[in-house]
K.L.:
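First, the structure itself, so that you have it in front of you.
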Amino acid sequence: MKIVLIGYMGSGKSVIGKAISDKLKYLFKDLDSEIEKNEKKNIAAIFSEKGEIYFRKQENAVLRSLLSKKDNMVVATGGGTPCYGTIMEYLTETENVVTVYLKASLVTLTERLFSEKEKRPLISHLDTKESLQDFIRKHLFERSYIYNQADIIVSVDEKKVDEIVEELVLKLF
Ligand code: S3P
């Protein structure tokens, strides 16, 4: 089985993904890290040197390549991954792939992302918490339509990693 975690930046896809893969003894792949490894550059440098469209093409190709492998795997995607091209359709239609939306509130996301925005090119220019919150509100609204198509939705607000993993395991099996 392939468990594909989707959700907005800061929703905990990488941390939860690693924890659940440890619990299930599945491989863990972080899509952003795989792209950085292939490109030998961090995400911010890929965006500034090659542009967002190039990054979206890499996301699409690397995700499909990971999911073509036979292994049981947990994949943490980037916040925008399912929102471009036909990726969400592909994920919902591919056998053995379960999509999980880690759903976080606007307040949780703003708090988390304000201290971690530097490495995220889409928000690194937003200087105040208010401008960040306004950006997330609109962006999350646009993307929620896609995120909500996931097979499983788990709310992450005010929950510890272990609790989220337990809840997810119950929903998966
Ligand atoms: C993005 C999210 C990032 C990364 C890139 C673009 C997005 O991943 O892929 O900066 O479009 O939401 P995280 O969700 O891991 O921050």
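Below, each value reflects all heavy atoms present in this structure, side chains not excepted, and no hydrogens, waters or symmetry copies. Numbers here simply count residues along the sequence, with the first being 1. Small disclaimer: the values here were computed from a predicted structure and weren't measured. Just so you know, ligand 1 is whichever comes first in the structure, and atom 1 is the first atom listed for that ligand.
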K.L.:
For ligand 1, which atoms, with element, lie under 4.0 Å from some heavy atom of Gly78?
P.N.:
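This gives 8 (O), 9 (O), 14 (O) as the contact atoms.
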K.L.:
Out of curiosity, Met9 CE to His139 NE2, how far, rounded to the nearest 0.5 Å?
P.N.:
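It comes to 5.5 Å.
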K.L.:
Check whether any side-chain N or O of Ser11 sits under 3.5 Å from a backbone N or O of Ala104 as a donor-acceptor pair, and report yes or no.
P.N.:
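No, because the side chain of Ser11 does not come within donor-acceptor range (under 3.5 Å) of the backbone of Ala104.
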K.L.:
Considering only heavy atoms of Ile43, which atoms of ligand 1 have at least one such atom less than 4.0 Å away?
P.N.:
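Listed by number with element: 5 (C), 10 (O).
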K.L.:
Does a donor on one side chain and an acceptor on the other come within less than 3.5 Å for Tyr54 and Glu39?
P.N.:
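There is such a pair (donor and acceptor under 3.5 Å, judged by atom type) between the side chains of Tyr54 and Glu39.
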K.L.:
At what distance is the nearest protein heavy atom to atom 9 (O) of ligand 1, and which residue and atom is it?
P.N.:
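Protein heavy atom with the smallest distance to atom 9 (O) of ligand 1: Asp32 OD1, 2.8 Å.
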K.L.:
Just jot down the ligand 1 atoms closer than 4.0 angstrom to any heavy atom of Phe55, in number order.
P.N.:
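Numbered from 1, ligand 1 contributes 9 (O).
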K.L.:
Is there a polar contact between ligand 1 and Gly80, counting only N or O atoms under 3.5 Å apart?
P.N.:
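Looking only at distances, the answer is yes, because the N/O contact criterion of under 3.5 Å is met.
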K.L.:
If you have a sec, work out which protein heavy atom is nearest atom 16 (O) of ligand 1 and how many Å separate them, to one decimal?
P.N.:
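Atom 16 (O) of ligand 1 sits closest to the protein heavy atom Arg120 NE, 2.6 Å.
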K.L.:
Are Ser65 and Ser68 close enough that a side-chain donor and a side-chain acceptor fall under 3.5 Å?
P.N.:
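Checked: Ser65/Ser68 side chains show no N/O donor-acceptor pair below 3.5 Å.
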K.L.:
Applying the side chain to side chain donor-acceptor pair (under 3.5 Å) test to Asn60, which of Arg56, Arg64, Gln58, Lys57 qualifies?
P.N.:
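Output: one option passes, namely Arg64.
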K.L.:
Which ligand 1 atoms are under 4.0 Å away from a heavy-atom of Leu122?
P.N.:
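Those of ligand 1 that fall under 4.0 Å from Leu122 are 7 (C), 11 (O).
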K.L.:
Does any N or O of ligand 1 fall below 3.5 Å from an N or O anywhere on Arg56, backbone included?
P.N.:
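Yes; at least one N/O pair falls below 3.5 Å.
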K.L.:
Can you measure from CG (Leu31) to OG1 (Thr81) and round to the nearest 0.5 angstrom?
P.N.:
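Here the rounded value is 5.0 Å.
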K.L.:
Between CG of Leu24 and CD1 of Ile3, what distance do you get to the nearest 0.5 Å?
P.N.:
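Reported value, rounded in 0.5 Å steps: 5.0 Å.
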K.L.:
If you measure every N/O of Gly79 against every N/O of ligand 1, is any gap under 3.5 Å?
P.N.:
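By distance alone, the answer is yes.
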K.L.:
For the residue pair Phe55 and Phe47, categorise the inter-ring angle as parallel (less than 30°), tilted (30 to 60°) or perpendicular (more than 60°).
P.N.:
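Correct class here is tilted.
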K.L.:
In the protein, which heavy atom is nearest to atom 12 (O) of ligand 1, and how far is it?
P.N.:
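The protein heavy atom lying closest is Arg143 NH1, 2.7 Å.
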K.L.:
Cation-pi check, Lys117 to Phe114: give yes when NZ or CZ is under 6.0 Å from the six-membered ring centre and within 45° of the ring axis, no otherwise.
P.N.:
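Judged by the rule, Lys117 and Phe114 form a cation-pi pair.
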K.L.:
Check whether any N or O atom of Ser14, backbone or side chain, sits under 3.5 Å from an N or O atom of ligand 1, and answer yes or no.
P.N.:
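It does not: no N or O of Ser14 is found under 3.5 Å from an N or O of ligand 1.
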K.L.:
Any N or O on His139 sitting closer than 3.5 Å to an N or O of ligand 1?
P.N.:
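No, no N or O pair falls under 3.5 Å.
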K.L.:
Is there any N or O on Lys13 that sits under 3.5 Å from an N or O of ligand 1?
P.N.:
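Between Lys13 and ligand 1, an N or O pair is found under 3.5 Å apart.
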